[in-house]
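Residue numbers count from 1 along this sequence. One-based numbering, in listed order, for ligands and for the atoms of each.
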Amino acid sequence: MRIGIVCYPTFGGSGVVATELGMALANKGHEIHFITYRQPVRLALLSGKIHFHEVNVPEYPLFHYQPYELALSSKLVDMVKLHEIEVLHVHYAIPHAYAGYMAKKMLKTQGISIPMVTTLHGTDITLVGNHPFYKPAVTFSINKSDVVTSVSESLKEDTLRLFDIKKKIHVIPNFIDASKYDRTYTDCQRGMMANENERIITHVSNFRKVKRIPDVIKIFNGIQKEMPAKLIMVGEGPEREAAENLCDSLGIGEKVVFLGNSNEVDKILSFSDLFLLPSTIESFGLAALEAMINGVPVISSNSGGIPEVNKNGYSGFLSDVGNVEEMTENAIKILKDKTILDQYKKQAKEQAIKFDINNIVPIYEEIYEKAYAKAY
Ligand code: GMT
């Protein structure tokens with residue numbers, strides 16, 4: 001099929017999922033058109049099957065806010081016509097579902113019908129979308145989507161609780177390509193991060209409040225009192241500076257490395273021993289899944305969709321949000337003994353393999369085909 005994908009092109013999970021899905025669909029012979037304001041960060045290679053169309057929003061001094069939705073919906077109309085795109089898949093409701101619906105309506109006046117699949121990712125529902133400023137538009141665009149999918153059962157429940165939704169919501173979990181993760185690291189690469197006797201603890205996020213970055217640092221502080229350890233912090237965001245200050249004030253600055261955004265997350269994870277994700281909420285927790293497939297057990301909170309991914313006592317441990325003490329105890333339980341650590345590493349990988357892309361892509365394909373045939 002010819003599929004148009006709209007997403008955020010950033011390091012955020014929704015953009016990563018959209019990009020990985022597009023690449024997997026292209027591998028299966030579909031023609032994929034990414035339509036967004038920048039080439040997605042995970043999209044390494046364009047090819048005959050993968051195209052990128054940039055949405056430009058020219059600056060105009062009259063506009064206090066530049067109208068991205070308008071530019072996006074116009075671009076969608078043009079690209080659907082030019083490339084005869086058969087289905088639109090928009091990731092993240094704001095403003096993509098809204099812009100997609102406008103594009104659909106414009107195309108309809110030109111005799112073109114195109115179905116729109118909307119995937120809800122989490123913050124578009126739990127953190128931003130239900131703000132009164134956005135809620136009517138988000139409710140409308142979800143209800144006007146031809147198919148609505150959500151990345152976890154928990155997000156589906158949140159959506160139904162927070163919005164007046166008339167559409168059926170299909171839960172399709174996020175995924176990873178398990179076949180890509182058979183790599184091994186060299187001692188030399190690990191040696192650049194930590195000494196041989198040190199455990200490597202990792203956190204990857206966009207450093208926003210919801211990630212509870214101070215908890216990450218407090219948990220690590222507890223761990224490093226018990227054993228030699230390093231904390232690798234990957235990502236950029238508003239909480240980074242305060243986090244660096246907290247490390248200094250705890251006297252652990254030397255043991256914490258802030259790497260900023262990285263395209264080498266898998267390499268970093270491949271030599272990590274433990275991943276920390278104490279978030280206030282995660283609709284899914286793709287970062288945890290990416291850690292697990294690299295054989296890294298996860299200490300996380302038990303909120304949102306995380307329990308659907310991280311299994312307590314198997315791939316790691318889950319605690320109530322903010323229970324730093326218990327998270328620290330559990331982290332030490334996993335890390336202190338090499339045999340126990342190896343067992344958790346193996347289990348983390350086994351749990352992650354359940355989310356292999358090969359189980360998920362056919363579900364999206366079926367949804368596209370049915371939507372195209374107007375079965376929904
Ligand atoms: O976690 C973020 O802040 C980024 C956000 C996004 O929109 O990209 O991630 C959300 O979508 C991911 C992919 O579906 C999920 O794995 C994350 O759990 C979800 N984040 C939250 O719910 C906070």
Practice prompt. May I ask you to list the atoms of ligand 1 that are less than 4.0 angstrom from any heavy atom of Y92?
Written response: 7 (O)
Discussion item. Only heavy atoms of N174, strictly under 4.0 Å: list the atoms of ligand 1 that pass.
Written reply: 13 (C), 14 (O), 16 (O)
Practice prompt. List the closest protein heavy-atom neighbour of atom 3 (O) of ligand 1: residue, atom name, distance to the nearest 0.1 Å.
Written response: R208 NH2, 2.1 Å
Discussion item. I'd like to know if the side chain of E244 reaches the main chain of D248, judged simply by a donor and an acceptor atom lying under 3.5 Å from each other, with no hydrogens or angles considered.
Written reply: no
Fill in: Shortest protein heavy-atom distance from atom 9 (O) of ligand 1, along with the residue and atom involved
G13 N, 4.1 Å
Item to complete: Tell me, please, whether F317 has K333 positioned over its six-membered ring: NZ or CZ under 6.0 Å from the ring centre and within 45 degrees of its axis?
Response: yes
Practice prompt. Could you pull out the closest heavy-atom pair between V128 and Y92, with the gap in Å?
Written response: CG2-OH, 4.1 Å
Worksheet item: Which of the atoms of ligand 1 are close to I281, meaning less than 4.0 Å from one of its heavy atoms?
Response: 23 (C)
Discussion item. I need the nearest protein heavy-atom contact for atom 1 (O) of ligand 1: residue, atom name and distance, please.
Written reply: K211 NZ, 2.6 Å
Item to complete: Show which atoms of ligand 1 fall inside a sub-4.0 Å distance from at least one heavy-atom site of S283.
Response: 15 (C), 17 (C), 18 (O), 19 (C), 21 (C), 22 (O)
Discussion item. Please list, in number order, the atoms of ligand 1 under 4.0 Å from a heavy atom of L286.
Written reply: 16 (O)
Fill in: Short N-O contact, K370 and E366, less than 4.0 angstrom
yes
Fill in: Proximal atoms of ligand 1 relative to G285 (non-hydrogen, under 4.0 Å)
15 (C), 16 (O), 17 (C), 18 (O)
Worksheet entry | Atoms of ligand 1, numbered as shown, that sit under 4.0 Å from any heavy atom of E282 | 1 (O), 17 (C), 18 (O), 19 (C), 20 (N), 21 (C), 22 (O), 23 (C)
Worksheet entry | Selected option - heavy-atom contact closest to atom 4 (C) of ligand 1, from D158, T123, T10, N206 | N206
Item to complete: Quick one: look at L127 and ligand 1, take heavy-atom pairs under 4.0 Å, and tell me if it's side chain, backbone, both or neither.
Response: neither
Fill in: Atoms of ligand 1, numbered as shown, that sit under 4.0 Å from any heavy atom of V151
14 (O)
Discussion item. Would you say the rings of Y101 and F140 are close, in the sense that their centroids are separated by under 6.0 Å?
Written reply: yes
Fill in: Heavy atom of the protein closest to atom 11 (O) of ligand 1 (residue, atom name, distance)
H121 O, 3.1 Å
Worksheet entry | Atom pair CE/CG of M23 and N27 - distance to nearest 0.5 Å | 8.5 Å
Practice prompt. Take R42 and E20 through the test salt bridge (Lys or Arg N to Asp or Glu O under 4.0 Å) and record every step on the way to the result.
Written response: CA-CA 7 Å; R42 286 263 179 123; E20 297 283 350; 3.1 Å; yes
Item to complete: Report the C-alpha separation of Q347 and Q351 in whole Å, then their side-chain angles, then the decisive distance to 0.1 Å, and conclude whether the side chain to side chain donor-acceptor pair (under 3.5 Å) test is met.
Response: CA-CA 6 Å; Q347 290 167 185; Q351 169 65 7; over 6 Å; no
Item to complete: Could you check atom 8 (O) of ligand 1 against the protein and tell me its nearest heavy-atom contact, residue, atom and distance included?
Response: S14 N, 2.7 Å
Fill in: Straight-line distance of L277 CG to T202 OG1, nearest 0.5 Å
12.0 Å
Discussion item. Would you call the rings of H33 and H51 parallel, tilted or perpendicular, taking 30° and 60° as the class edges?
Written reply: parallel
Worksheet item: Counting heavy atoms only, which part of Y8 comes closer than 4.0 Å to ligand 1: side chain, backbone, both or neither?
Response: neither
Worksheet item: Does D124 reach the main-chain N or O of H121 with its side chain, forming a donor-acceptor pair under 3.5 Å?
Response: yes
Practice prompt. Say whether F284, considering both its backbone and side-chain N or O atoms, lies within less than 3.5 Å of an N or O atom on ligand 1.
Written response: yes
